[in-house]
Every structure is written in C-alpha cells, then in structure tokens.
Participant: 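I have a structure I would like to understand better, so I am pasting it below and will then ask my questions one at a time.
Whatever order the structure lists them in is the order used to number ligands and atoms, beginning at 1. This structure is a prediction, so every number in the text was calculated from the model and none was measured.
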Amino acid sequence: MRHDEKGFTAASLDQARITGGFWEAWQRTNREVTIPYVLDKCDETGRTQSLRLEWTSDADWQPHQFYDSDLAKALEAASYSLHQYPDAALAERVREYIRLLGRAQQPDGYLNTYYTQTGIEKRWTNLRDMHELYCAGHLFEAAVAHFRATGERSLLDIAVRYADHIDARFGPAETKAPDGTPKEPGYPGHEEIELALVKLADATGERRYLELARFFVDARGHEPHYFRVEAERRGEPSDRWQWERGYHLGEFAYYQAHEPVRDQTAAEGHSVRACYLFAGMVDVAVSTGDERLLDSCRTLFTNIATRRMYVTGGVGSHSHGERFTVDYDLPNESAYAETCAAIALVFFASRLVNAELDGRYADVMERALYNGVLGGLSLSGDRFFYANPLAFHPTAPMLPHVRSDAERQPWYGCACCPPNIVRLIASLPGYLYSVNDRTVAVHLYAESSLEVRTDALSGTLTQQTAYPWDGEVTFTWQADSPAAFTLALRIPQWADDYRIVLPESAEAGTDAASPAGTRLERGYLSVERTWNPGDEVRLTLPMRVRRTRSNAAVRQDGWRVALERGPLVYCAEEVDNGPQLATLALPADAAIAAEHRSDLLGGCTVLRGDAVRSVVGPYGSETDDAPLYTEAGRRERVAFTAVPYALRNNRGTGEMRVWMAEL
Ligand SMILES: [Zn+2]
C-alpha cells in the first residue's frame, strides 16, 4: 500500500457487520431497547404529534424548532438496524412515520413542522437560530439510510423534493432559481446539512446537492454576514444579538462564521456545530478534489487533537455556549463535553481516515467512540448523559456554571444526544473497515466480518477478538482462490510493542525487523502479499495499564494521571473507593493490575492497586465540628479500583474522577 493513495471508501452495511463480543452486546441493546425507546419518547413528547401537525394553541406541548431532527435521527438509526437485522414490525413503524412526513410536506417541497404549524410565512427568515437547514440535513441522512437499507424510495423522494426546494432558494447571490428569482446567499446557523447533502448527492447521483453543500461550506464568514442581513430584515439589531440572547459568544465564532472556513485554523464556537461542519468540509473536499479545503480540515483536526480535546475524546469544554474555549482549557468537573460533540468528532475523524489513511485520525476516532460517546448511554440502554464531565461530585448539579447530571436521564427536552448515539451504534460496522482497489484497511478491532467485493477482489475477512478487554485479534481470509492485496492494520499510538504473526512466517515484533512484506507507516501496518483461502493473521496489541499525563499547558491536570488500558479511559467511582476521591493519590511506583470481572457491569476489566489517602485532622472528615482548616493529618494506604469511564454511573450516583493525583 502506498500511503499517498487516496480514495478509501468506508465499508457499507452490506459489507461489514459486527458478529460478537463487546460491540455486539451494545448493538443488541440498541436494537432491542434503545431504538424502540427513542421512538416511543418521540411519540410521547410532542415530536410525533408535531409531525402529525396536531398542535393547537391550547395543546399541552409546543412545536419546537428542532423536534423534526430528533425523529429523523431515530428513523436513521432504525434504518441502519433494519439494514442488518430485518424486523417487520419496526419496518412498518418506520413506514408509518414516512407516511406522516409525506403528509406534512408542503406542495413546494418544504418540510418543517415547526413553521408549518406556527406560521409558515416566517419560514427561512432566521437561519441563524431556527435550525431549519439542520433539521433538513437530518431528514436527508435518514432518507439515505432508509433507501440503502430497504431499496424503498418513499423517504428518499420526500428528501429529494425538499432538497430541490432548498436548492432553488439558496445559493450564490448572483445565481437564480429555475423560476428566475435570485437565490439567497444564506447558510445554516447549526451546520449538519453539508455532510447530509453529500450523502444525498451520493445516493441520487445529483451533483447539484454537492454544489449546494460546497456553497454552504464556503458562504460562511464572508461579508456581508448573512446572519446580520436577515436580522435587519426581521427588524432586529444586527450587531448585539448575541448579548440579547444571554450569550457572550464572541460574535460569529459561535457559528463558525467569524471568517471563511478555509482561513480558520482553530476549532471555535459551538462544538457540535463545528465538528459537523468540519465533517462536511472533508466530504466536500474529497468529493470535489479540493486539496486546499482538505488542508484546512487537517489544520482544524490538529488543533482539536493537540489542544482542545479531553482524554475521553470529549470536546467543547464549556457549558456556556456548549463551546470550545481556548487552547489547553480542559476543566474536569465543569467539563461540558456533550455526547453529540464526541459523536461529531467521530464523524470528522472517520472521514479524514478515509481521505488519507493515517492512524492519528483513527486514534481520535477510537478514543471518542469508546469513552466520550459510549459513556453517554447506560448499560440498560434507556438512560442518557448529555454532558460528560471528567470528575463528578454530587454538589456539581447545584453549581450554576456546571450542567452535569447526577445520573443519566430518561430523556431531555433538548434531546439531540439520545437519537444521535443510537444511530452511531447502529451504523458502527461502517467505521471498522475501509477498502480501495488494492487495500483493505482495518481501523477498529471488534469481532466482525467484512465482505470484500471489488473488481479486483472477492472474499470475506473475519475478525475474532475479545477487544477491548483483550489485545489478541485473529483475522481470517476466506475466498475461492488466492488473491493479492494489502491488509492495512491500524496500530494504535499506545501499542508500542505490538506483535504480529503472519501466515507461513515466524513471529516478529515492532523493531526494524518487521516481517518481510510488511511496513509500518502513519499508524498502519501494511501486509502486502498473495492471500490464500484460509490464511490467518494474528495481531497482539499490548494491553498494559498506562498512566497518561496531560500536556504541561493543561493547568487542571498538573501532577495527575489518567489510567488507560487499550482504548479505554478509566475512572474511580465512589461506590468502589468511598467518598472524597480528591484525597486519593496513586503512588508512582505502585503496581496497578488489570482484572477481568465477568460479574461486574456486564463483564468488564477493572484496574486495582494501592492508593494513598490523605486523612485530614484527628477528627475524621465527616464530623460537624471538624475545623475547616488544620495542620493535622496523616496518610494511609488503601485499596484502589478503577472502572471504564464509559461504564461509570451504572451503579447509582456518586463521586467520579478520571485524573488522579500521583505521588
Ligand atoms: Zn446532543
């Protein structure tokens, strides 16, 4: 494999599937619990009623400007699930929502139940705040997923009519709609439609949608700012709106519209919007061969990955504006790190992986997936975190600047996260593998299979592993006849002493003496050879416990370590370690052992060792008459247990902490 090869395509749900192990359990819960649960919640909370256009002014619910997106994401998730697990009842339920969508669609293609019920004459008057284009994007993504899953065009046709409506209305100011009206040079306040239009262009072959996506990407940040223009048209102040909404958002940066995207070098503003935009930018860059735009994406990714991302892959450190702040500002207890933002980062990173095979993108994708994303969902599949702080104390929800919940919630008024995590888990097989003409690339390790059907290659690659608990991964190639191709296996940045056993070769390590026909480059080990049916490759990734340190510029993490093993970040919980986790420290020389516990949290590997507890005062810490300050104190050795951060808060609420002091 040459790493300058472009054009990897993510495996489709026709090709890749998860067949067992860690992710199979999550997919099963997703299918059996979470998807129907999220659809039920849409039915119970006004979202489906809104789709039925049932709102009246005396109703006990209100249409909301992004209700449509929640249901669309749930339909997208259901479609991914139907793609791999046929379910007649779910398929019919989805068809019923599609019938309602068809009924709610206006004769000119417009489809937004908020404006249809509250005053359609106001539609398209506030792109900055009202999420119409965002909702449209989610509808397009659902439509493409449903079309690919079922071959049915019902939802795709609705999406095409709506996309044509949008395409006729928005575009460069000098262009005109088919009826001769000049187009509006507007773009969304909440990005998402960009990546969705590229998907729609792909599914329909209609290049106009790709051009519209490129327009939305490039229109932002230019004078005159469209958000200002439309505010003036509404008779609102055009300059001070961000103050009036109670936000100090730094002007257009909140919307990534402070400068043209090609000039942006740091991830700014609302983190979900930013990462959706960046994902769409990669799509546009790859689809149009725009190297300059791709280079901006690389720069923005580097800014996030080296300065603005938690060890969990969470991004958007501040709840105020749900936004990126400044380099190295990564507070733990007040971290926002919205589940959707980690999901959006997975989208961004996975697109870069496909654009140019490079492990630094896949490392971030895996980090976010296993920690920042998965921690948003309970083991039971029906409780959700919105914010994902890296330290929690029961007093946190009482603090005005912290938006943590003490435990995962059954639903949110702003319910963007639950259906988002559902669609990612249902579509996860597509993130494991990519293929091009001569290379099969493996990005994530999970028990799974990949059907490879290209002009040059036909066969099935199976992957057997107990990852992330165990680092042994066995690949088997099954085909009718020998075939020459390159298998590119991601070697995570932490896997410094991986081992690989190839067919008909001795075991070899990572030093320069890699086995003949292999090459480690940019985080991928390429095995280039003629593969015979039944050939096996065994990869062993070192699952040692790692003490990870932050860059010295992260002031919140001085003298602290985060424990990691494989792709998982660990945390201490009160249920295992008692309260006042801040008084615990890990001795630098103390061993920390991994122990698999099949009886705990659905079966997981915990970390155990000794810690030192600082006991303050002669009184104990809980008595009412203990002084607030004292010189008295001592240290005592205590047992210490850490569990995967993603599995936190499944045994009741209590203190939690990722970054531990080290002595
Ligand atoms: Zn969210």
Participant: Going by the rule side chain to side chain donor-acceptor pair (under 3.5 Å), which residues pair with E132 if we only count those two or more places apart in sequence or in a different chain?
Facilitator: Y110

Participant: Distance alone, cut at 3.5 Å: any donor-acceptor contact between the side chains of R351 and Y361?
Facilitator: no

Participant: Assert yes or no for the condition that the ring centre distance of F170 to W124 is strictly below 6.0 Å.
Facilitator: yes

Participant: Regarding Y80 and N30, do their side chains bring together a donor and an acceptor under 3.5 Å, going by distance alone?
Facilitator: no

Participant: Looking only at heavy atoms, which two atoms of E76 and A145 are closest? And how far apart?
Facilitator: CG-CB, 3.8 Å

Participant: Just to be careful: counting only protein atoms that are N, O or S, how many fall under 2.8 Å of the Zn ion (ligand 1)?
Facilitator: 4

Participant: Tell me which one of H225, H258, H270 satisfies ring-ring contact (aromatic ring centres under 6.0 Å, His included) with F252.
Facilitator: H225

